[in-house]
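In what follows, every heavy atom counts, from backbone to side chain, and hydrogens, waters and symmetry copies are set aside. Letters A, B, ... mirror the listed sequences (proteins, then strands); counts begin at 1.
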Amino acid sequence: MTTKVQVSAAVDGKTGSRDAAASGASPVVALVAGWLVPGAGHLLLGKWVRAALLLVSIVGMFAIGVALQGKVYTPNTGEPLDMLGFAGDLGSGVLYGLARLLGWGQAPVLVAVADYGTKFIVVAGLLNIVAAVDAHSLASGRKRP
Amino acid sequence: MTISHFSAVLLFSLFTSIVFGITQRAEPKKMVRFGALCFALFVGGTIAASWAMWLIKH
């Protein structure tokens, strides 16, 4: 048996998928693009204002964290908290790769403000994951555009 | 680069609230309202926690 609400949701889902198809981005592409480059998932879906705000917010947060001499976590340290920090940092996509490549965030954290920087970097990664999942939801029609 | 603790709170709250507003609401007007609410709660909560810690210490 199908209720009116279920029919309405199914119609909305189809409409969302149609919009995503019209923009030329599949949900998986939007998710991966959004993870690699902050805001890129929304940009592929034609949401350029949201994409710009996400880019500025996430890159700004990451850059401030690095400027405050926050720590960029590396894998295989054996410490559980370091592993969680690494998972959070990895959410930044290419920003994390760039930081590792250029050797940012490798100095020891000695002052409280640098510890804030570490948190800025981790939270930037986590927010980027949230943004990438939002792009996936928009592309799949789960979230109304 | 060095910033004050309060500046760090404001920057953290601003960026986080923008992302929360965009991702947790579907309509632009609701995004702005939810982002503003998050910002106020982040900053207000931090100030309240700061005063609570000051009172515990004294």
Check whether any side-chain heavy atom of A/Met61 sits under 4.5 Å from a side-chain heavy atom of B/Leu11, and report yes or no.
-> no
Using non-hydrogen atoms only, which part of B/Thr16 is less than 4.5 Å away from chain A: side chain, backbone, both, or neither?
-> both
Looking only at heavy atoms, what is the nearest atom pair of B/His5 and A/Ala112, with distance?
-> CE1-CB, 4.4 Å
Segment of A/Leu126 engaging chain B (4.5 angstrom heavy-atom cut-off) = neither
Consider only side-chain heavy atoms of I, L, V, M, F, W and Y, link residues closer than 4.5 Å, and tell whether A/Leu101 and A/Leu95 are in one cluster.
-> no
About how many Å separate CD1 of B/Ile22 and CG of A/Asp134, when rounded to the nearest 0.5 Å?
-> 8.5 Å
Between B/Met31 and A/Arg50, is a side-chain contact (heavy atoms from CB on, under 4.5 Å) present by the stated rule, with each step listed?
-> CA-CA 10 Å; B/Met31 287 178 185; A/Arg50 297 184 201 181; 3.3 Å; yes
Interatomic distance, OG1@B/Thr2 vs CG@A/Leu68, rounded to 0.5 Å, equals 7.5 Å
Looking at A/Leu127, A/Asn128, A/Ile64, which one has more heavy-atom pairs under 4.5 Å with chain B than the rest?
-> A/Leu127
Should side-chain heavy atoms under 4.5 Å link Ile, Leu, Val, Met, Phe, Trp and Tyr, which residues sit in the same cluster as A/Val32?
-> A/Val28, A/Trp35, A/Leu36, A/Val37, A/Val94
Is there a side-chain contact between A/Tyr116 and B/Ile3 (heavy atoms, below 4.5 Å)?
-> no
Find out whether B/Gln24 and A/Val130 are in side-chain contact, i.e. whether some heavy atom of one side chain is under 4.5 Å from a heavy atom of the other.
-> yes
Is it true that B/Val19 and A/Phe62 fall in one hydrophobic cluster, defined by side-chain heavy atoms closer than 4.5 Å?
-> no
In one Ile/Leu/Val/Met/Phe/Trp/Tyr side-chain cluster, 4.5 Å: A/Leu31, A/Leu138 = no
Is it the case that more than 12 heavy atoms not belonging to B/Leu55 sit under 6.0 Å from its CG atom?
-> yes
Honestly curious: do A/Ile58 and A/Trp104 fall in one hydrophobic cluster under the side-chain, below-4.5 Å linking rule?
-> no
Co-membership, hydrophobic cluster, residues B/Val32 and B/Leu37, 4.5 Å side-chain = no
Where A/Ala131 and B/Thr23 come nearest, the two heavy atoms and their spacing | CA-CG2, 3.9 Å
Answer whether the closest heavy-atom distance between the side chains of B/Glu27 and A/Arg144 falls below 4.5 Å.
-> no
Interface moiety of A/Val123 toward chain B, non-hydrogen atoms closer than 4.5 Å | side chain
Say you draw a straight line from CG of A/Leu53 to CZ of B/Phe15; how long is it, rounded to the nearest 0.5 Å?
-> 11.0 Å
